[in-house]
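See below for the structure under consideration.
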Amino acid sequence: MVLSHATNLYFDLAYNKHPDEVGYHWAGYTDTKKAFEYRPFNIYANGKIDKLGNPVEWNPNWVSLTEEGKRNVVGLQGQLFSENSKSPEIMEYLVFPKLLGVAERAWVTNMPAELPIDQSGKTPMDQAWDTFSNTLGQFALSKLEYIQPVDIYEQLPPQHGVNYRIPLPGAVVDAGKLKINTRFPGLRNQYSLDGGSTWLPYYAPVDVNHAGTIKTRSVTVSGRNSRTEAVQQ
């Protein structure tokens, strides 16, 4: 058996609930972290919320895999139903970097249903994600900038690289200060206090009491940037 549950492994699902994100939402939303956190031997732990964000209640009648059943699982597969992939760039955007999360989970499959929490309040899955996301941001994503998709090589300009999704930074205005973080450490955060005309690097909280429209974005080492987003004050 090869597992490919829609909740975590369908790449044609949108990254999140935003009108500018391409993809479906019938089985919820799937980003790199959700693909990474997939639990092949505890599948009911994967569907925590529905597509509207409502919690899915645990049903005690659900049947878990037996040890014999686990031995019948030979691998995982990420799926891309391509009717909404209307260009090579959209296809790559939907697949990467989700595929890297699936590959890592296929390599290390067995995460118990109930994970112990350490003194920092993090489970082993949280700790594993911290290491993985840091590796993506510091090393793996920059390599995708130079990989040529072999099957569409002749259709694309030289040094095209993979059109992977660059995540938007998390941003909030707290007590008049703009605070920004990032999904993948290693990406650079930028902010604009004039609606996007001028972009500044973010290093520490910024006073924005008298700012105009605040926007943020993430930027890769090569200079590619994420979608921009206005920050609500």
Side-chain angles (χ1 to χ4, degrees), residues 2-38 46 51 75-108 129 131-170 182-190 196 199 215-229:
V2 176
L3 299 180
S4 185
H5 289 96
T7 53
N8 299 67
L9 304 181
Y10 273 32
F11 295 158
D12 50 314
L13 297 178
Y15 280 86
N16 55 44
K17 187 179 180 180
H18 193 286
D20 288 339
E21 289 291 347
V22 63
Y24 297 131
H25 60 84
W26 64 269
Y29 301 92
T30 299
D31 61 8
T32 307
K33 186 176 184 182
K34 199 170 179 183
F36 175 85
E37 290 181 340
Y38 176 68
N46 296 313
K51 67 180 182 180
L76 314 179
Q77 179 171 293
Q79 302 272 61
L80 177 68
F81 296 91
S82 58
E83 65 270 23
N84 63 353
S85 300
K86 301 183 184 302
S87 70
E89 288 78 12
I90 292 177
M91 178 191 71
E92 294 173 5
Y93 183 92
L94 286 169
V95 171
F96 290 95
K98 295 177 188 177
L99 182 60
L100 303 182
V102 176
E104 181 66 17
R105 182 52 53 236
W107 180 256
V108 183
W129 168 254
T131 300
F132 179 73
S133 61
N134 185 70
T135 302
L136 280 186
Q138 300 285 359
F139 304 105
L141 294 183
S142 61
K143 294 180 179 179
L144 292 180
E145 303 271 357
Y146 302 99
I147 294 176
Q148 282 282 1
V150 177
D151 57 336
I152 55 175
Y153 180 83
E154 295 181 355
Q155 303 176 34
L156 300 170
Q159 301 303 319
H160 166 75
V162 175
N163 185 47
Y164 63 89
R165 181 182 185 269
I166 304 168
L168 280 71
T182 183
R183 168 54 58 96
F184 300 135
L187 296 179
R188 294 172 293 173
N189 297 320
Q190 293 182 341
W199 289 94
K215 290 189 174 183
T216 62
R217 68 184 184 183
S218 295
V219 181
T220 69
V221 174
S222 70
R224 289 180 55 211
N225 60 268
S226 69
R227 189 177 73 246
T228 64
E229 193 68 61

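Numbering of residues begins at 1 and proceeds along the displayed sequence. None of these values were measured; they are calculated from a predicted model.
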Name the one of Leu80, Asn163, Val162, Val102 that satisfies side chain to side chain contact (heavy atoms under 4.5 Å, CB included) with Val95?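 When side chain to side chain contact (heavy atoms under 4.5 Å, CB included) is applied between Val95 and each of Leu80, Asn163, Val162, Val102, only Leu80 qualifies.
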
Sub-4.5 Å side-chain heavy-atom contact between [X] and [Y]:
X      : Y      : value
Asn225 : Gln190 : no
Phe184 : Ser218 : no
Ser133 : Pro185 : yes
Ser226 : Leu187 : no

Phe132 six-ring centre to Arg105 NZ/CZ under 6.0 Å and within 45° of normal: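 Output no; distance or angle outside limits.
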
Between the side chains of Glu104 and Tyr38, is a donor N or O closer than 3.5 angstrom to an acceptor N or O? no

What are the two closest non-hydrogen atoms of Ala6 and Trp26, and how far apart are they? CB-CH2, 3.7 Å

For Asn8 and Lys34, which heavy atoms make the closest approach, and how far apart are they? ND2-O, 2.7 Å

Apply side-chain contact (heavy atoms from CB on, under 4.5 Å) to Asp31 and Arg183, showing your working. CA-CA 11 Å; Asp31 61 8; Arg183 168 54 58 96; 3.3 Å; yes

Exam field: side chain Lys98 to backbone Ala35, donor-acceptor pair closer than 3.5 Å: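 No, the answer is negative, given that no donor and acceptor are paired below the 3.5 Å cut-off.
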
What do you reckon, is NE2 of His18 surrounded by more than 12 foreign heavy atoms closer than 6.0 Å?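 For His18, atom NE2 is crowded (more than 12 foreign heavy atoms under 6.0 Å).
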
When Tyr24, Tyr93, Tyr164, Phe96 are each screened for ring pair (Phe, Tyr, Trp, His ring centres under 6.0 Å) with Tyr15, the one that passes is Tyr93

